[in-house]
Amino acid sequence: MNVDWDWIKQRPHFLAEKLSASNNVYVFYPYTWRRSNLVRNPREGVKLFPLFRLPFGGRLKIIKRINFWIWKFYFSILLKFKNFDFIWISSPEIFETLPINITPEIIYDCMDDVLGFYKNQHSYEYILEAEERLIKKSKHIFCSSTNLANKILRRGGHEDKYTVVFNGFEPINSVINSQINRSNIRYDLFRIGYIGTISSWFDFSVILEAVIKLPNVIFYIIGPEENLIESKPDHERIVFLGPIQHNELHQYSIELNLLVMPFIVNSLVKSVDPVKIYEYIYFDKPIVSVYYAGLEKFERFVDFYIDKNEFVSIIKKYLNGSAKKKYSSLERESFLLENSWDKRCLDICSTLSRL
């Protein structure tokens, strides 16, 4: 997988856990030296193998190159002594560290439009070529959204070797804990939350617009901050809580009146099937999100906005009581029944069994 096991839980974590329940799965993940942005995810039932690397590989080209050869050497030795039926890859960059002539079938789990992460032209072209090689080598490709699948087809994929498997949600088995930190929670204000990674696609402008125009709202931003953020607002009613254990998220959501997904709609975001909306529905809260093509399936559950004025207008309606949560308990239960990670894993295993 392409993220540290202790990063906030995402698609690779959930699929690794679910596939491990019925298969012999070895999970190799890049070890992150900056641990302050991480949580402590469960390890039970999963065989985990951290891929160590030298720090500062993201800043210094020479260290990045050394890390590349460390992993390449490691995998060359590993695959001489360990037999696998499949190698599950979620990043073209990791694929490049594998030996050229490997016998296990390659499965590419395409969860993001990876090209959207690279602004440097040289890096962009390198990843583009790496992904094209990965697509060609893959026995099958799973894509997390229809838009992403269409991009893969344009980059050289074939219709008969890809399947769209959307994201999902995981029930959180936790008892309401009175000891969670409530010191920052302002019960005299309307409390709005965001749960997820804070990166370059996070639209701080709509959050600022809301706190300026609506003095009775406060935003709680829950999740790790990536280095890609140029700056974040300093406002007393925008509170950053940092990353929180996945099994505690439901407890925090109970303290919130509304959950939001304020993203900048760029080429990267347009291919995202947002895990957070599945989780927001599970948390049974009113939801406000930016709109882009592909989110129509959430229309019954989400109030969509196009610009900051519409964002503020929708929140104002919730503030004055003229807007209510869009979905019923029955609609929520029906949605969750069809969109769990267990259900996604069954679909994946069914596809793999036919290869």
Side-chain angles (χ1 to χ4, degrees), residues 1-3 10-12 15-16 19 27-30 51 53 57-58 61 64-76 78-79 84-167 199-201 226 228 265-273 292-294 347-348 351-352 354-355:
M1 55 192 285
N2 60 328
V3 291
Q10 298 179 342
R11 179 183 178 101
L15 292 181
L19 290 171
V27 180
F28 298 89
Y29 66 90
L51 295 170
R53 52 187 173 175
K61 290 183 179 179
K64 183 176 183 179
R65 195 63 185 167
I66 291 171
N67 287 334
F68 172 86
W69 285 108
I70 289 174
W71 285 10
K72 199 167 186 64
F73 175 76
Y74 177 82
F75 285 127
S76 68
L78 173 72
L79 292 171
F84 299 101
D85 296 313
F86 298 105
I87 295 180
W88 184 281
I89 295 287
S90 55
S91 163
E93 199 166 12
I94 293 179
F95 171 71
E96 289 296 285
T97 65
L98 298 179
I100 296 176
N101 298 316
I102 54 175
T103 54
E105 302 286 7
I106 298 293
I107 305 297
Y108 179 23
D109 185 40
C110 186
M111 55 181 278
D112 288 304
D113 181 8
V114 291
L115 297 180
F117 291 106
Y118 296 90
K119 306 302 180 186
N120 176 276
Q121 186 64 27
H122 175 75
S123 298
Y124 180 94
E125 291 175 358
Y126 169 77
I127 293 298
L128 174 61
E129 293 174 2
E131 186 175 52
E132 288 174 347
R133 287 190 289 270
L134 174 54
I135 291 169
K136 184 177 180 179
K137 180 70 175 177
S138 296
K139 179 71 173 179
H140 200 79
I141 302 169
F142 293 103
C143 299
S144 62
S145 74
T146 303
N147 187 53
L148 200 50
N150 291 334
K151 288 183 177 181
I152 290 298
L153 283 173
R154 290 196 294 270
R155 292 171 192 167
H158 299 282
E159 291 187 4
D160 59 349
K161 72 177 222 177
Y162 85 89
T163 305
V164 175
V165 175
F166 295 118
N167 289 322
S199 192
S200 58
W201 56 79
E226 289 193 335
L228 297 173
V265 180
N266 54 27
S267 61
L268 178 63
V269 167
K270 287 177 181 179
S271 293
V272 169
D273 182 45
Y292 55 87
D347 294 340
I348 288 171
T351 299
L352 293 179
R354 297 193 298 270
L355 297 180

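Quick caveat, the model's predicted, so the values are computed rather than measured.
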(request) Taking salt bridge (Lys or Arg N to Asp or Glu O under 4.0 Å) as the test, write out the residues that go with Lys64, two or more places apart. (result) Glu93

(request) Quick one: list whatever passes salt bridge (Lys or Arg N to Asp or Glu O under 4.0 Å) with Asp112, sequence neighbours left out. (result) none

Tell me, do [X] and [Y] make a side-chain contact under 4.5 Å, heavy atoms counted?
| X | Y | result |
| --- | --- | --- |
| Cys110 | Glu131 | yes |
| Thr351 | Phe142 | yes |
| Pro30 | Trp71 | yes |
| Leu148 | Met111 | no |
| Met1 | Val27 | yes |

(request) Decide if atom NZ of Lys136 counts as having more than 12 heavy atoms of other residues, nucleotides or ligands within a radius under 6.0 Å. (result) no

(message) Is it the case that over 12 heavy atoms from other parts of the model lie below 6.0 angstrom from the NZ atom of Lys161?
(response) yes

(request) Test Asp113 against Arg155 for salt bridge (charged side-chain N to carboxylate O under 4.0 Å, His left out), laying out the working first. (result) CA-CA 11 Å; Asp113 181 8; Arg155 292 171 192 167; 2.9 Å; yes

Using 0.5 Å steps for rounding, measure from the [atom1] atom of [X] to the [atom2] atom of [Y].
| X | Y | atom1 | atom2 | answer |
| --- | --- | --- | --- | --- |
| Asn101 | Leu98 | CG | CG | 12.0 Å |
| Ser145 | Lys270 | OG | NZ | 12.5 Å |
| Phe28 | Ile89 | CZ | CD1 | 10.5 Å |
| His140 | Glu105 | NE2 | CD | 12.0 Å |
| Leu352 | Ile107 | CG | CD1 | 5.5 Å |
| Trp69 | Thr97 | CH2 | OG1 | 10.5 Å |

(message) Can you confirm whether the side chains of Ser144 and Asp273 place a donor and an acceptor under 3.5 Å from each other?
(response) no

What is the minimum heavy-atom distance between [X] and [Y], and which atoms define it?
| X | Y | value |
| --- | --- | --- |
| Leu134 | Ser138 | O-OG, 2.6 Å |
| Cys143 | Ala149 | SG-CA, 3.7 Å |
| Tyr118 | Ser123 | CD2-CB, 3.7 Å |

(message) The test is side-chain contact (heavy atoms from CB on, under 4.5 Å); show your working for Asn2 and Gln10 and say whether it passes.
(response) CA-CA 11 Å; Asn2 60 328; Gln10 298 179 342; over 6 Å; no

(request) Give the C-alpha distance, both sets of side-chain angles, the deciding distance and a yes or no for side-chain contact (heavy atoms from CB on, under 4.5 Å) between Tyr29 and Val3. (result) CA-CA 6 Å; Tyr29 66 90; Val3 291; over 6 Å; no

(request) Before giving the answer on side-chain contact (heavy atoms from CB on, under 4.5 Å), spell out for Tyr292 and Asn147 the whole-Å C-alpha distance, their side-chain angles and the decisive distance to 0.1 Å. (result) CA-CA 11 Å; Tyr292 55 87; Asn147 187 53; over 6 Å; no

(message) Walk me through whether Phe86 and Leu19 qualify under side-chain contact (heavy atoms from CB on, under 4.5 Å).
(response) CA-CA 12 Å; Phe86 298 105; Leu19 290 171; over 6 Å; no

(request) Run through Ile87, Leu51, Ile102 and flag the one making a side chain to side chain contact (heavy atoms under 4.5 Å, CB included) with Phe75. (result) Leu51

(request) Evaluate side-chain hydrogen bond (donor to acceptor under 3.5 Å, both in side chains) for Ser90 paired with Asp109, printing each intermediate quantity in order. (result) CA-CA 5 Å; Ser90 55; Asp109 185 40; over 6 Å; no

(request) Could you check whether the rings of Phe117 and Trp201 sit parallel, tilted or perpendicular, using 30° and 60° as the cut-offs? (result) perpendicular

